[in-house]
Chemist: 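Below are the structure tokens for one structure; questions will follow.
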There are 2 protein chains.
Amino acid sequence: MSKTSTIKSRASGKATLASVAARAGVSAMTASRALSQPERVSDAVRARVGLAVAELGYVPNRAARALASAQSNVIVVLVPSLSNAVFTAVLEGIEDAIGSGNYQLLIGNTRYSDAEEEKLLGIYLQSNPDGILLSSLSQSARVARMLAASNVPLVSMMDLGSAPGQLSVGFSQFDAGRAMTRYLIGKGHRRIGFIGAQLDERTLRRADGYRKAMDEAGLLDARLELMVGEPSTIALGAQLVQRMLAQAPDCDAVFCCNDDLAHGAIYQCQRRGIKVPEQLAVCGFNDLPASAWMTPSVTTIATPRYRIGFEAASLLLALIKGEAPPAAQVDLGFTLMARESA
Amino acid sequence: MSKTSTIKSRASGKATLASVAARAGVSAMTASRALSQPERVSDAVRARVGLAVAELGYVPNRAARALASAQSNVIVVLVPSLSNAVFTAVLEGIEDAIGSGNYQLLIGNTRYSDAEEEKLLGIYLQSNPDGILLSSLSQSARVARMLAASNVPLVSMMDLGSAPGQLSVGFSQFDAGRAMTRYLIGKGHRRIGFIGAQLDERTLRRADGYRKAMDEAGLLDARLELMVGEPSTIALGAQLVQRMLAQAPDCDAVFCCNDDLAHGAIYQCQRRGIKVPEQLAVCGFNDLPASAWMTPSVTTIATPRYRIGFEAASLLLALIKGEAPPAAQVDLGFTLMARESA
DNA sequence: CTGAAAGCGCTTACAG
DNA sequence: CTGAAAGCGCTTACAG
């Protein structure tokens, strides 16, 4: 006569909405409403259901909810790196914007790899996300196809898009690269080298901005460019400044595509007795915390990474709610921090 | 006569296993098997199902699978910070260990807050995770209760546990703190200050190790301790070394509970004309990349963070498969990096 | 090697 | 304000 005499039960044994409802003396429906739309239920019911939930230690089953409602409450975020402080700041902005909602963030680290991005997206799309946040404007053909087929709302971060209908939050990497180069030119430098690593989309755009400024000033010279595919590190910056000086001994300034590289370059100069900025001006990009504290302090571009994450997530949330985006592109700008190193 | 004449369909419109099966001319069951256990199905069936999947652009629905199988393929990871390079390295280790599986990582940033940890865990537990990875040995009473009630396999990272049945992968924070302090004592320092920030579990244990070593050498003096709850930053390190020197002017060495603080302390000394290590020795903890490159290079403790993540995830995976853990505690050790600053 | 039936735990769409 | 029925898209447990 026992209720537990069922033979082939697949039940988890945990409290379910049905058990909560039974305990509260209402239907499953009403229990469901008491939890998700408490204002649409009588005070008495709300109290009884709340009590039953506590007594049973009920934890809603997200999979069941997702399946029944066709709403996952999942937001996918793809970043190219976690070891880069830029993207962890973006993530914090996203977290804060998502805030108190019942959203679940699915964070994917693509490691600057198309294959990895494809793999992660393939897995994450199985969760039927409500929205996607990407750290790039373009992607591999396969990823682009997956994205299009999924039909999930999407916002790009870090740069500004131009394709119609493409939503993006960031700043112009091109303009920032050009602004820094013009600054160096304005300081009287003529043989300005560009050191680029990783060679991701953003680095390439900064390099384009550098070239544009150099060209406008009649200073463009391919021998002043040093581009390598390896990930940016302090060690690599130290190594590349050496190579730059070897390939262009008359180089009087170096524009590093990010601060890690710039820090490494400066540390290396210190070791080799090269005075910064007197003998060689060095500047970076992103304004990591150490840049303001090092000696010499580092001239760089401060980027609104936290705000990019925050605004991009806010925009995505609006999209998910079905609101029309106020603008396709949100330009958050950048700030050139003129310090001692250049 | 159209098949789409259903009135109140809740279907998503996307391809389902059933539609794949129909196209391949098999039952849903067989289609399911063709995908999850391809070796148990005939070559012909496997090929036809594969074709149907491609033609229809079928994406499995994870929620449905989780609900039916009571297996989420989700692993929850809770870290106290993302801006701390230590934990992003841990995450990369975890990602690599999870590797090619179909697992989904649910990464939560608790920001060193019990309330946030509780909130995140509450949300993540709804996903019915297969396993949990935590960055601490102990937690708030409510979180501990949630964890116990969930009955999900769990591995702690970063430190070594002592409670029976508690699985942990890391190294002894206490021993590391003591080792560094002994090193400084061995160098002839007597008035060794300890600078601690954030005051999380790990920092507190390092401080305990420091006290133990100081006490053993008869050098313990509470005025040499400076502990603040704020998050560790370079700026804070700069500020705290000043305060330390004010409260203990005869201090001849400073043990910073992490490298960020140590870097800030050294930068500040440079600005104030205090020679490191001649006038004040400074050491840190974690061995961040800059520590090897700065001038002076920074004496610190190298911690196996990537390996901690990797081994902890490997252990968890074994647990999930039902294997018995080879050991309750996996001690990965640490390495004292004696450099120029102390 | 393959399949018909039932069920996982919720919510939708109605109806009252 | 409340509820009975059906269904979301899979897999389990059997059976053949």
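Throughout, protein chains are lettered first and strands after them, A, B, ... in sequence-line order, and every chain is numbered starting at 1. Since the structure is predicted, the reported quantities are computational estimates derived from the model, not experimental observations.
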Chemist: Give a yes/no on whether any side-chain N or O of B/Thr16 is located under 4.0 angstrom from OP1 or OP2 of D/dC8.
Modeler: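 Indeed not, no polar side-chain atom of B/Thr16 lies that close.
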
Chemist: Go through D/dG3, D/dG7, C/dG3 for me and flag the one nearest to the B/Met29 side chain.
Modeler: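 Per side-chain heavy atoms of B/Met29, the pick is C/dG3.
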
Chemist: What does D/dA13 pair with, Watson-Crick or G-U, if both distances are under 3.5 Å?
Modeler: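 WC or wobble partner does not exist here.
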
Chemist: Just compare C/dT11, D/dG3, C/dA4 and give me whichever is closest to any side-chain atom of A/Ser27.
Modeler: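 Closest nucleotide to the A/Ser27 side chain: D/dG3.
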
Chemist: For B/Gln37 and D/dC10, give me the distance from atom CD to atom C1', rounded to whole Å.
Modeler: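 The distance from CD of B/Gln37 to C1' of D/dC10 comes to 14 Å, rounded to the nearest Å.
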
Chemist: Taking 4.0 Å as the cut-off, does a side-chain nitrogen or oxygen of B/Ser42 come that near to OP1 or OP2 on C/dC1?
Modeler: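 For C/dC1, OP1/OP2 do not have a side-chain N/O of B/Ser42 under 4.0 Å.
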
Chemist: Going by the side chain to side chain donor-acceptor pair (under 3.5 Å) test, name the single residue among B/Arg62, B/Arg65, B/Gln104 that passes it with A/Gln126.
Modeler: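 Going through the options one by one, the only one that passes is B/Arg62.
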
Chemist: Could you state the atom-to-atom distance from CZ of B/Arg46 to P of C/dC1 in whole Å?
Modeler: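 To the nearest whole Å, that distance equals 9 Å.
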
Chemist: In whole angstrom, what separates B/Tyr58's OH from D/dG9's P?
Modeler: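 To the nearest whole Å, that distance equals 10 Å.
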
Chemist: Can you tell me the distance, in whole Å, between the CG atom of B/Leu17 and the P atom of C/dC8?
Modeler: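 From B/Leu17 CG to C/dC8 P: 19 Å.
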
Chemist: In a check of side-chain contact (heavy atoms from CB on, under 4.5 Å) between B/Leu319 and each of B/Val155, B/Leu154, B/Asp130, B/Val152, which one passes?
Modeler: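 Between B/Leu319 and the candidates, side-chain contact (heavy atoms from CB on, under 4.5 Å) is satisfied uniquely by B/Val155.
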
Chemist: Within this structure, what is the CG-to-C1' distance between A/Leu67 and D/dC10, rounded to whole angstrom?
Modeler: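 Atom CG in A/Leu67 sits about 8 Å away from atom C1' in D/dC10.
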
Chemist: Before accepting this row, confirm whether a basic side-chain N of the pair B/Glu116/B/Arg111 lies closer than 4.0 Å to the acidic partner's carboxylate O.
Modeler: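 No salt bridge links B/Glu116 with B/Arg111.
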
Chemist: Looking only at side-chain N and O atoms, does B/Thr30 come under 4.0 Å of OP1 or OP2 in C/dT2?
Modeler: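 Answer is no, no contact under 4.0 Å.
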
Chemist: Using a heavy-atom cut-off of under 4.0 Å over every strand shown, decide if A/Arg62 touches base, sugar-phosphate, or nothing.
Modeler: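 The answer is nothing, as A/Arg62 stays clear of every strand by at least 4.0 Å.
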
Chemist: Counting just side-chain N and O atoms, does A/Ser32 come under 4.0 Å of either OP1 or OP2 of C/dT11?
Modeler: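 Yes, because at least one side-chain N or O of A/Ser32 sits under 4.0 Å from OP1 or OP2 of C/dT11.
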
Chemist: Between A/Pro60 and B/Arg40, which residue's closest nucleotide on DNA chain C lies nearer the 5′ terminus?
Modeler: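 Whichever sits nearer the 5' end wins; that is B/Arg40.
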
Chemist: May I ask you to evaluate whether A/Arg65 reaches the phosphate of C/dT11, defined as a side-chain N or O under 4.0 Å from OP1 or OP2?
Modeler: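 Answer is yes, contact under 4.0 Å.
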
Chemist: Kindly indicate whether the side chain of B/Leu105, heavy atoms from C-beta on, has any atom under 4.5 Å from the side chain of A/Leu106.
Modeler: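 A side-chain contact is absent here, since even the closest heavy-atom pair is not under 4.5 Å.
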
Chemist: Taking only the side-chain heavy atoms of A/Asn61 (C-beta and beyond), determine which of D/dG3, D/dT2, C/dG9 contains the nearest atom.
Modeler: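 Among D/dG3, D/dT2, C/dG9, the one nearest the side chain of A/Asn61 is C/dG9.
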
Chemist: Once you apply the 3.5 Å cut-off to both distances, tell me the Watson-Crick or G-U wobble partner of D/dA4, or none.
Modeler: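 Because no pair has both required distances under 3.5 Å, D/dA4 counts as unpaired.
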
Chemist: Rounded to whole Å, how long is the line connecting atom CD of B/Gln71 with atom C1' of C/dG9?
Modeler: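 Atom-to-atom, B/Gln71 to C/dG9, this comes out as 17 Å.
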
Chemist: CZ of A/Arg33 versus P of C/dC14: gap in Å, rounded?
Modeler: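 Answer to the nearest Å: 15 Å.
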
Chemist: Here's a test of your reading of the structure: between B/Ala64 and B/Glu39, which maps to the more 5' nucleotide of DNA chain C?
Modeler: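 First, find each residue's nearest nucleotide; the 5'-ward one identifies B/Glu39.
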
Chemist: Closest heavy-atom contact between B/Pro129 and B/Val76?
Modeler: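 Closest approach of B/Pro129 to B/Val76: CB-CG2, 3.7 Å.
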
